[in-house]
Amino acid sequence: MLVSQLLIPTLRETPAEAEVVSHQLMVRAGFIRKAAAGVYTFLPLAWRVVKKIEAIVREEMDRQGGQEIMMPIIQPAELWQESGRWDVYGPELFRLKDRHGRDFCLGPTHEEIITDLIRGEVNSYKQLPLLLYQIQNKYRDERRPRFGLMRGREFIMKDLYSFDRDQEGLDISYRKMYEAYTRVFQRCGLKFRPVEADSGAIGGNDSHEFMVLAASGEAIVVYCPRESCGYTANVEKAESPPDLFNGREEPKPVELAATPGMRTVDQVASFMGVSPKKLIKTLIYETEKGPVAALVRGDRDVNEIKLKKAVDVINLELAGPEAVERITGAAAGFAGPVGLPGVKMVADQEVESLRNAVSGANRRDCHLVNVNPGRDFKPDMVADIRLIKAGDPCPGCREPLVEASGIEVGQIFKLGTKYSKALGATYLDQNGQVRPIVMGCYGIGVTRTMAAAIEQNHDENGIIWPAAIAPYHVVVIPVNARDKDQFGMARRVYQAMLEAGIEVVLDDRDERPGVKFKDADLVGYPVRVTVGSRSVASGELEMRLRRDGSTSMVPEAELAGSISRFLNSDQETI
Ligand code: ATP
Ligand code: MG
């Protein structure tokens, strides 16, 4: 293609609303334009990248025996009511009505549709296992659409669903997808980690997320620095042995202490001259099953995902100051577990072992000293509800855990029989017994992967595409496009590369060389070939690699060969 004819509207200025590098660079380099919050048009360069990622994904799904299908984006509410998710999914679900007033939604995911398909089409063990997938737009009315393609409201996802006879079959399908995902992200040129994950709204038990480690990532991952151990988990899911540091003190009698205006853990701890580890932090939540008090040690935070699971609720919101007052009878900041009726109380494991602790007294400006769990209050439930953080011991080997930010580019789940039971997707086994089909589901964010690739591969001048997903491999730049000899030579090498199967563009624009070089760096072509007056005289051209800026002079006849060798070496050959 000729650059003069390509729609690549590059910008000199960084767009003000773009907070992260990938968003800034995709707008500046002329890849995307916004239509609405979290909704984008993909311009030619971006669409080429998307298609390349999709091609890699497709190859790896097919390699594992996946069959590609295409399901509807518009989904009838009835199926979501059958699975029980119509009321659970909340405001993220784009809902709409047809002209007859029937309810539909735009698919945020496709468990319902595919389980409905399978219950109609599969009835014998002979038809299992089955791996079906699609690559399609998904719709989620995200609370905070942001970071460009990273968190869109319309985005492209590959979703695969596995159907097996039993748990062993599911384990095999899951391993196949784990392997496929590893290969996909390796081939895309990304540095990533598979991490243990919570299974969230989709349900099920086992789950892994594939995280691209990058500072802009919205997910927090903790991992064990000991490679031989390898424990890695999303903090939403991470576990660590509880710290039961002061379990052996003799219990003392409870006392009321005046703590005027002391509402935060730090204020109370320093006022009382004790470590925050001696405090019981009491957080009041509102849920559809009534108020819940979550108790964690003063130096801890509540992991709301663990808490939600522990109390088995769908909606969990921290109570506002008025609700706290209504529920505890005292101003926010003074809630405590002693004498707190009508509230379901969940204590973290570490709280249960505290002795002579300090807690709120459910009275304004007062705390209780020498509070002893078991003696002074009895929680309804003891569970692991604390948020794990860097420094906590690894559950595998007790080495202090390390924290990093990650971008979740894919997630795989063992669903089990959650959807097949809800929708009645069963099969007859060898003995003629009716059994529920055992399912898994597996998603890759195609457009988020593109953004993540930029987060990991850029410098101050622009994008540095890994060769496997670059929109084009090479840009040929005649320094002076009006110079007949230079332009003639540029056209020749451009043609030769096209014939060698290299994806190349010729920057034939009548622009200053500085402008073309800047654009080449911004767009991020892996290789730049410059044709100047010296090239015409010597027959050698400058080949420059975007990743390290290294240059070499290559004779015209050898250029296509050199570039092909470089491109092959830059792509993971697996
Ligand atoms: P997140 O926790 O980031 O909201 P999720 O866990 O809801 O994501 P899944 O349901 O697991 O996402 O979807 C599979 C994949 O789809 C994710 O791993 C991610 O790559 C991609 N994805 C999810 N939500 C978005 C979004 N709003 N914009 C772009 N990609 C997304
Ligand atoms: Mg996820």
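Along the sequence shown, residues carry numbers from 1. Numbering of ligands and ligand atoms starts at 1, following listing order.
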Determine the sole option in Tyr174, Tyr178, Tyr181 for which the side-chain hydrogen bond (donor to acceptor under 3.5 Å, both in side chains) test with His208 is passed.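 Among Tyr174, Tyr178, Tyr181, the one that satisfies the side-chain hydrogen bond (donor to acceptor under 3.5 Å, both in side chains) with His208 is Tyr174.
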
side-chain contact (heavy atoms from CB on, under 4.5 Å), paired with Leu307, selected from Val296, Val313, Leu316: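 The option that passes is Leu316.
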
If you measure from each heavy atom of Met150 to ligand 1, is any distance below 4.0 Å? yes

pair Tyr472-Leu45: side-chain heavy atoms closer than 4.5 Å: yes

Which ligand 1 atoms are under 4.0 Å away from a heavy-atom of [X]?
| X | value |
| --- | --- |
| Leu149 | 29 (C) |
| Glu142 | 24 (N), 26 (C), 27 (N) |
| Gly152 | 26 (C), 27 (N), 28 (N), 29 (C) |

Heavy-atom distances under 4.0 Å decide this one: backbone, side chain, both or neither, for Arg151 against ligand 1?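 Both backbone and side chain.
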
Residue-level breakdown please: for Glu408 versus ligand 1, do any non-hydrogen atoms fall below 4.0 Å on the side chain, on the backbone, on both, or on neither?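 The answer is both.
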
Side-chain donor-acceptor pair present, [X], [Y], cut-off under 3.5 Å:
| X | Y | value |
| --- | --- | --- |
| Tyr133 | Asp62 | yes |
| Gln75 | His110 | yes |
| Asp141 | Tyr139 | no |

Hey, looking at [atom], which of [options] has the closest heavy atom?
| atom | options | value |
| --- | --- | --- |
| atom 20 (O) of ligand 1 | Val446, Val409, Thr447 | Val409 |
| atom 21 (C) of ligand 1 | Gly445, Gly38, Gly410 | Gly445 |
| atom 10 (O) of ligand 1 | Arg140, Gln411, Arg144 | Arg140 |

Is a side-chain donor or acceptor of Thr447 paired with a backbone partner of Phe155 at a separation under 3.5 angstrom? no

